[in-house]
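In what follows, a single structure is set out as structure tokens and then discussed.
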Amino acid sequence: MSKLLRMALEEASDGKANTEIEHVFYARVPDRAVLEQAAGWEHQEQWEIRIPKTDSNAGNGRVRIRMTQGPEKAKEYVLTTKTFKDNGDRIEVPIPTTEDHFEQFKLLSECGMRKDRYFFPVEGTDLVWEVDMFYQPGSVIGSKEYYEWCKIDLEVADRSAPIPPLPFALEDVIAAPYGKRTPEEEAIVSKLHGEVFATRNVHLQVA
């Protein structure tokens, strides 16, 4: 495993605040065989509690617990607190946590995500494309019964630096950031997050 891929697979959990600067894309994957070209992958399940800005607090954000597991990686649990800047960047503080804490979060969270993340390093750079494929309702983890739409992230140190080409052929790409999308694009992204990417509280599903 390359050093670059190992760094991508290792979610930070050092308790230090860091600014996450990402380019985010949404697109359809017409040929899922391209996922086999990834340098690595891992399964992620996460649950979060959203905290809106109100008259009684000083900011909006989210608290999330994510479980990750991969072919060469045992289950790992990370609790991350996020606050949002006006420009869309996020301040994140991650710390390690436990499976019991993760299960407790499932009770409290309105929604979460079940997805596989594929890693595509950008040749000649320290950048890694992260392609998230989301499981359809009722599908078994490992079955790769994904929705057609995916979310693609590229974490960068400088938002103004040139963006490399996307890792493989995609369709219906939405590349504009929040606040600069057309109403049609914003409606698609909103539907993706609300109906495609989100998994409802599992305890309510079995009740």
Side-chain angles (χ1 to χ4, degrees), residues 1-2 4-11 13 22 24-50 62 64-80 96-121 128-155 166-174 188-207:
M1 182 185 297
S2 69
L4 180 61
L5 178 59
R6 188 178 300 110
M7 291 173 63
L9 288 167
E10 292 175 354
E11 183 173 11
S13 56
E22 282 187 331
V24 180
F25 302 81
Y26 303 87
R28 290 192 305 109
V29 182
D31 180 8
R32 297 180 191 176
V34 297
L35 299 174
E36 299 175 6
Q37 301 171 12
W41 69 277
E42 65 186 13
H43 175 65
Q44 298 182 352
E45 180 180 340
Q46 63 191 53
W47 299 90
E48 70 176 20
I49 298 172
R50 300 182 181 185
R62 299 176 184 177
R64 178 194 74 199
I65 293 183
R66 172 184 286 167
M67 181 277 290
T68 61
Q69 184 178 26
E72 301 178 17
K73 179 180 181 180
K75 288 183 179 180
E76 178 183 34
Y77 301 90
V78 175
L79 170 69
T80 301
T97 190
T98 65
E99 182 177 4
D100 284 347
H101 197 187
F102 177 74
E103 293 299 328
Q104 186 182 52
F105 237 67
K106 284 187 180 182
L107 292 169
L108 301 174
S109 300
E110 293 183 4
C111 65
M113 291 182 178
R114 297 163 65 243
K115 60 186 180 178
D116 288 341
R117 172 167 290 180
Y118 293 85
F119 299 93
F120 292 84
V128 178
W129 288 107
E130 299 175 346
V131 180
D132 287 347
M133 301 295 299
F134 296 82
Y135 279 90
Q136 297 186 37
S139 57
V140 177
I141 300 305
S143 66
K144 299 188 178 181
E145 295 178 5
Y146 303 134
Y147 282 104
E148 191 176 17
W149 281 87
C150 72
K151 178 174 176 283
I152 307 170
D153 297 335
L154 182 71
E155 189 167 349
L166 289 165
F168 49 80
L170 295 156
E171 295 180 351
D172 299 329
V173 177
I174 298 175
I188 292 172
V189 172
S190 179
K191 185 174 182 179
L192 288 174
H193 278 281
E195 300 180 16
V196 176
F197 300 162
T199 296
R200 302 307 172 193
N201 186 299
V202 291
H203 295 284
L204 295 179
Q205 292 177 18
V206 299

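- Side-chain contact check for Lys191 versus Val196: every heavy-atom pair is 4.5 Å or farther apart.
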Checklist entry - Step by step, would you call Asp172 with Trp149 a side chain to side chain contact (heavy atoms under 4.5 Å, CB included)? => result CA-CA 9 Å; Asp172 299 329; Trp149 281 87; 3.8 Å; yes
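- Sparse packing is recorded around CD of Glu110, with 12 or fewer heavy atoms of other residues, nucleotides or ligands lying under 6.0 Å away.
- For the pair Phe168 and Val29, the tightest heavy-atom approach, listed with the atom from each and the gap, is CE1-CG1, 4.2 Å.
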Next on the checklist: Apply side chain to side chain contact (heavy atoms under 4.5 Å, CB included) to residues Val24 and Lys151 and explain how you reach the verdict.
Outcome noted: CA-CA 7 Å; Val24 180; Lys151 178 174 176 283; 3.8 Å; yes
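- Taking every heavy atom of both residues into account, His101 and Leu79 meet most closely at CE1-CD2, 3.9 Å.
- Residues Glu99 and Lys75 are not paired through a salt bridge, judged by the lack of any N-O separation under 4.0 Å between the basic side chain and the carboxylate.
- Summarising the geometry, atom CG belonging to Asp116 is positioned 7.5 Å from atom NZ belonging to Lys144; distances are rounded to the nearest 0.5 Å.
- Taking each heavy atom of Val34 and Asp31 in turn, the nearest pair found is CG2-O, 3.0 Å.
- Considering CD of Glu130 and SG of Cys150, their distance stands at 12.5 Å, rounded to 0.5 Å.
- For the atom pair CD1 (Ile152) and CZ (Phe120), the distance works out to 9.0 Å, reported to the nearest 0.5 Å.
- Glu48 and Phe105 make their closest contact through CA-CE2, 4.1 Å (heavy atoms, listed as atom of the first residue, atom of the second, distance).
- A salt bridge links Glu148 to Arg28: one of the charged nitrogens lies within less than 4.0 Å of a carboxylate oxygen.
- Close placement of the Phe25 and Trp129 rings is indicated, their centers lying within 6.0 Å of each other.
- Remark: Arg66 CZ to Glu76 CD distance equals 10.5 Å, nearest 0.5 Å.
- Heavy-atom contacts from other residues, nucleotides or ligands closer than 6.0 Å to NZ of Lys106 number more than 12.
- Taking the six-membered ring where tryptophan is involved, the planes of Phe197 and Tyr26 are essentially parallel, since the angle between them stays under 30° and well short of 60°.
- Taking each heavy atom of Leu35 and Tyr118 in turn, the nearest pair found is O-CD2, 3.7 Å.
- Atom OH of residue Tyr135 and atom CD of residue Glu45 lie 11.0 Å apart, to the nearest 0.5 angstrom.
- Of the N and O atoms on the side chains of Gln44 and Glu42, at least one donor lies less than 3.5 Å from an acceptor on the other residue.
- Closest approach of Pro121 and Ala39 over heavy atoms only: CD-CB, 3.5 Å.
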